[in-house]
Protein chains: 2
Amino acid sequence: MNKLLTVIVDDHPIVIEGLKTLLKNEDNLEIVGGFSNGAQLLSYLNRNPVDLVLLDVTLPDIGGMELCQMIKAQFSATTILILSNHTERSIIMQTIQNGASGYLLKNSSLEELRQCIAAAVKGNICYSKEVVEIISRPTKNQLRNTPQLTRREKQILSLLAQGKTSQNIAQEFFLSSLTVDTHRRNLMQKFEVKNVAELIAAAHQQQLL
Amino acid sequence: MNKLLTVIVDDHPIVIEGLKTLLKNEDNLEIVGGFSNGAQLLSYLNRNPVDLVLLDVTLPDIGGMELCQMIKAQFSATTILILSNHTERSIIMQTIQNGASGYLLKNSSLEELRQCIAAAVKGNICYSKEVVEIISRPTKNQLRNTPQLTRREKQILSLLAQGKTSQNIAQEFFLSSLTVDTHRRNLMQKFEVKNVAELIAAAHQQQLL
DNA sequence: TAGAAAATACCTAAAAACCAGTAGAAAAAA
DNA sequence: TTTTTTCTACTGGTTTTTAGGTATTTTCTA
């Protein structure tokens, strides 16, 4: 079996070197490049075959998410493994949806890295132990008390998210637009927000839409 | 190293037998039990040490989700791997939330099963290839009509979601509020929406926030 | 069945958002 | 270097939202 052609992308050269050293003795993979930004990576990918990309999500030129998408769109055979210090749940989940095959924190052991690489190149997804803890932790939303909405408020919230004005909504429900205004105001009060934009964002974060 | 004490829980006896046969020759694990419902499993767990549970989510007496939680609450050292035919995205995500260390479809290969067991007992999470596809699928659809945003537009979109007014944003970026208005208008045009409320909702659905 | 919660509706006035254009400067791409 | 895109800013007008309130009726529910 051929060795896995592997590249490392990280804005810290130290991390690149560290990984190179760590993986030097792996007999099933070969580090063929280390890049400090997304543009360099894409340029390399256009010229050379690559099996595996070890990718940091914070890069100077382009977000790791977009980069993920771009790599997957153009080089679908290439496996992406995220190696990051980001411990936010939403970020982790997003990377997977953008085509990454796993997520590890930078303090992962070589053993974990091996494990995840093995799973990833076989097409599976693998999260390291620390990442598992983050994922299983209840989301912020669940900790934060989600406001208790009445039936009407939910209806109106949903129509607001569809871009309807108070008047539109009033017509739809055979109400006075003034009534809708009141509901709208109560909604904003319950969510402790200043305007509809923030209202919709908050509602979305709490999975109410 | 001791063998992994493994139990199988599935309401189809055939599946239990099949798995037993399949895993009989694995030298790192030993099947110590096969149960067709949750009560039997819990009763066994109370009397015997178990390292790994291969669990189906559809059981006659109790939902796999609840069972997962109960196992993890009482026997936190026990690893749970879901083995199911459910292909709904939300169910898969939920099992992880409830403490499972992985998810495989029943048509997975022995190789995949091995891979996931290995990852799971080390504390990682592992999804089989088919499951990966399910997880990544819905977003691909969403990505189709994702508008291409400029850097400024992204910045402004993000501040809008925080409930900032055009004037607030203008101050933050040392711009005229009229400029921010223009960006805001362009954003709405790109997303084909009528106002910020819908804009935020659309952006959220496309994971741009 | 009384009291609480929810839904309804109104007033005023300021603030902000939205519409439909135009247009120069700066930056990026070809 | 030329072309295109992005960012910037404006005019002028309309619509909608937001921020204070208050108040009656309906619907739960304890």
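Numbers restart at 1 for each chain; the letters A, B, ... are given by sequence-line order, proteins then strands. Keep in mind the model is a prediction, meaning the values are calculated, not measured.
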A:Phe174 CZ to C:dT8 P, straight-line distance once rounded to whole Å: 13 Å
From CG of B:Leu160 over to C1' of D:dT17, roughly how many Å is that when rounded to an integer? 15 Å
Contact under 4.0 Å: A:Ser176 side-chain N or O vs C:dC10 OP1/OP2: yes
Can you tell me how far C1' of D:dT15 sits from CD of A:Gln167, to the nearest Å? 8 Å
More than 12 heavy atoms of other groups within 6.0 Å of B:Glu111 CD: yes
Kindly say if B:Thr150 contacts the phosphate of D:dC7, meaning a side-chain N or O under 4.0 Å from OP1 or OP2. yes
Over how many whole Å does the gap from A:Leu199 atom CG to D:dT17 atom P extend? 12 Å
Between D:dC7 atom P and B:Leu157 atom CG, what is the distance in whole Å? 13 Å
For D:dA30, give its Watson-Crick or G-U wobble partner with both distances under 3.5 Å, or none. C:dT1
Near A:Gln74 CD, under 6.0 Å, is it more than 12 heavy atoms from other residues, nucleotides or ligands? yes
When every nucleotide of nucleotides 18-23 of chain D is labelled 5' to 3' by its protein contacts under 4.0 Å (heavy atoms), B for base, S for sugar-phosphate only, - for none, what sequence of letters results? BBBB--
Does A:Thr179 put a side-chain nitrogen or oxygen below 4.0 Å from OP1 or OP2 of C:dC10? no
